[in-house]
Amino acid sequence: MNVADKTRQVSKLAIENLYGIILTDKDIQINETKPEFEGDYTLVLFSFIKQLKKPPEQLGKEIGEHLLKNNTDLFSGFNIVKGFLNLSVNEIYWIDFLNSNYKEVNYGKKNANGKKVMVEYSSPNTNKPLHLGHLRNIFLGWSIAEILKANGFEVVKTCIVNDRGIHICKSMIAWQLFANGETPGSTGKKGDHFVGDYYVKFNEESKRQVEELLAKGMSKEEAEKEAPVMKATQQMLLEWEAGKPEVIALWKKMNGWVYEGFDVTYKRIGADFAKIYYESDTYLLGKKFVEEGLKQGVFFKKDDGSVWIDLTDEGLDEKLVLRKDGTSVYITQDLGLAQEKYDDLHYDQSIYVIGDEQNYHMKVLKLILKKLGKPYADGVFHLSYGMVELPGGRMKSREGNTVDADDLVDEMVSISGRHTEELGKVKDFSTEELKELYDIIGLGALKFFLLRVDPKKKMIFNPEESIDFHGFTGPFIQYTHARIKSILRKEIKASHELRATNLLPLEKKLIIKLEQYLTIVEQAAIEHNPSVLAIYAFEVAKTFNTFYTEHSVMKAESEVKKHLRLQVCELTIHVIASAMGLLGIKVPERM
RNA sequence: GGUCCGGUAGCUCAGUUGAAUAGAGCAAUUGCCUUCUAAGCAAUAGGUCAUUGGUUUGAAUCCAAUCCGGAUCACCA
């Protein structure tokens, strides 16, 4: 247990013993002491003043003395300012903490808790390449999976590929019309980009045809339906569903190109999946749910044969679950997929990393599973994240004004290369080593940029102002890691034997920060929020840099101090590498 | 229109289980490399926490109303 929690517990005990009242953990408020006051952690007294009818000074004195007397190993002193009881933690506690953890490479990781979690993320369509929005999704999903692993969960990463439907047929039609048999191989283009280009071509052609029809006096709605390319696409979808061999062959061929492209990108950015579901396999799955729901009276049938669920009691609407022609809608498939996932892994929690535009859909999905009495319904969790927007508004892949994932990664890597060259610190690196370093820094900057913001919030990306490499950024933290490594490379190992005393303020500040890591890892999992780790890693790095500028490690005042600082360096490096690792960001030895 | 989410420094964001004088980074200004990596450190400046009212010993945080922005409410996915 960490100091803050211990302090909470003993404070609760103290107040209960002194005044004979019963408290819960929530009644006890422990804050970090503000730097302008003396002390490390602070018990807020205000809520007890009224209840116990004692002035804060007296209350603080009584509690403080009681705490000090009964926890000599934990506290060394206290002071009272207004309604705040500031407690100083015994220096021995910090030194012991450091001594027993600085070698611990797994510091921050918990033991297995026997619970299983499925994390579904990325989930692309196969008609266009990945863009910036996917990157936020992928980094988030990957990171949250790692965070849960660190908290002791067994995690299975999955992906649902939207590989069928009208949008896929659009690319196929456009390819038939305009490609003249060209392939990614013949053009040298990456497969997903190649197919994406035809998706854009389709939309251009469709727009052109609609305008022609409009000019002939047709209504907009009618024109959109009657445009020849649109009719051809509808026809192709029917043929696909009927299993027409030529259509299936083309579909397989084009999806294959896309998968080859995706694999390259996934590999580069470090995404991986234990199991991939394909919509073409799952889209018919949900129908038995409809039967079941009808039998249970959860669903009802309208006169035209369509099947609905009435969610007006929950403040929602009526929702269609099966079309009048008996075909599945989106939610029907998702019901089926939820069951399939549960059959595959009897999970305790099933996380869906999906944008907040689908909040309503996911709410409905969970509600329906609940109404059907599915035991796994409560485990369904929508990790909802905000859209990444450009200064001009949302990205529209139909119009091709997206920030392409591959382009962005390339750009970040090349900027990091330029930057590294200018600084000239790694002139002895081989070409291979340089390439690896540029990747680490470029991807680090990009991942950190997307993960440092609360997932729930939408964010704006301005391509004109490229992502920063200074301040609250990935490279700043990576740089701090490299700095520490450069000290530790001198091959002097910290020693257990030399026990320091009289911690300097900056030494203590850093140790306190490092001691909080466990809580941060827990918090990130509870909130499903990697940004708390990003913020924390930055604070650790910043605290270290201040310490580093003020105090020398290798030329410390004494041997004892030197070894204390070496221990601090080792623990700092473990925490930074671990926290960044949970964000999917590597840290370099040198940069 | 119903539901939901957001509005904090010029910009990008923390802080939102109520608590001490609202914090970072970028941008601006100014110092610091003969000392373990200056992708760094230190300092200055920058605020009507959208607005109004309420609850409270105490409100950026809770409640209500209003204004602004966004998402969603498809026999699309």
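One interatomic measurement links the two molecules: CD of A:Glu539 to C1' of B:G40, which rounds to 18 Å at whole-angstrom precision. Rounded to an integer number of Å, the gap from A:Tyr548 OH to B:U35 C1' is 10 Å.
When both pairing distances are held under 3.5 Å, B:U34 makes no Watson-Crick or G-U pair with any nucleotide shown. The partner of B:G25, taking Watson-Crick or G-U wobble pairs whose two distances both stay under 3.5 Å, is B:C11. A 3.5 Å limit on both hydrogen-bonding distances identifies no Watson-Crick or G-U partner for B:U17. Nucleotide B:A64 forms a Watson-Crick or G-U wobble pair with B:U52, both donor-acceptor distances falling under 3.5 Å. For B:A71, the paired nucleotide is B:U3, the pair qualifying as Watson-Crick or G-U wobble because both relevant distances are below 3.5 Å.
Within the 4.0 Å cut-off from OP1 or OP2 of B:A14, at least one side-chain nitrogen or oxygen of A:Lys457 is found. Residue A:Arg452 places none of its side-chain N or O atoms closer than 4.0 Å to OP1 or OP2 of B:U12. Under 4.0 angstrom from either OP1 or OP2 of B:A20 there lies no side-chain N or O belonging to A:Thr42. Listed pair A:Lys555 / B:C36 fails the phosphate criterion, with no side-chain N or O lying under 4.0 Å from OP1 or OP2.
When the C1' atom is used for both B:A38 and B:C5, the distance is 42 Å, rounded to whole Å. Between the C1' atoms of B:U8 and B:A24, the separation comes to 13 Å (whole Å).
Place A:Asn86 and A:Leu316 on RNA chain B by their nearest nucleotides, and A:Leu316 ends up nearer the 5' end. Of the two residues near RNA chain B, A:Lys324 and A:Phe37, the one whose nearest nucleotide lies more 5' is A:Phe37.
For the pair A:Asp163 (side chain) and A:Asn255 (backbone), a donor-acceptor distance under 3.5 Å is absent.
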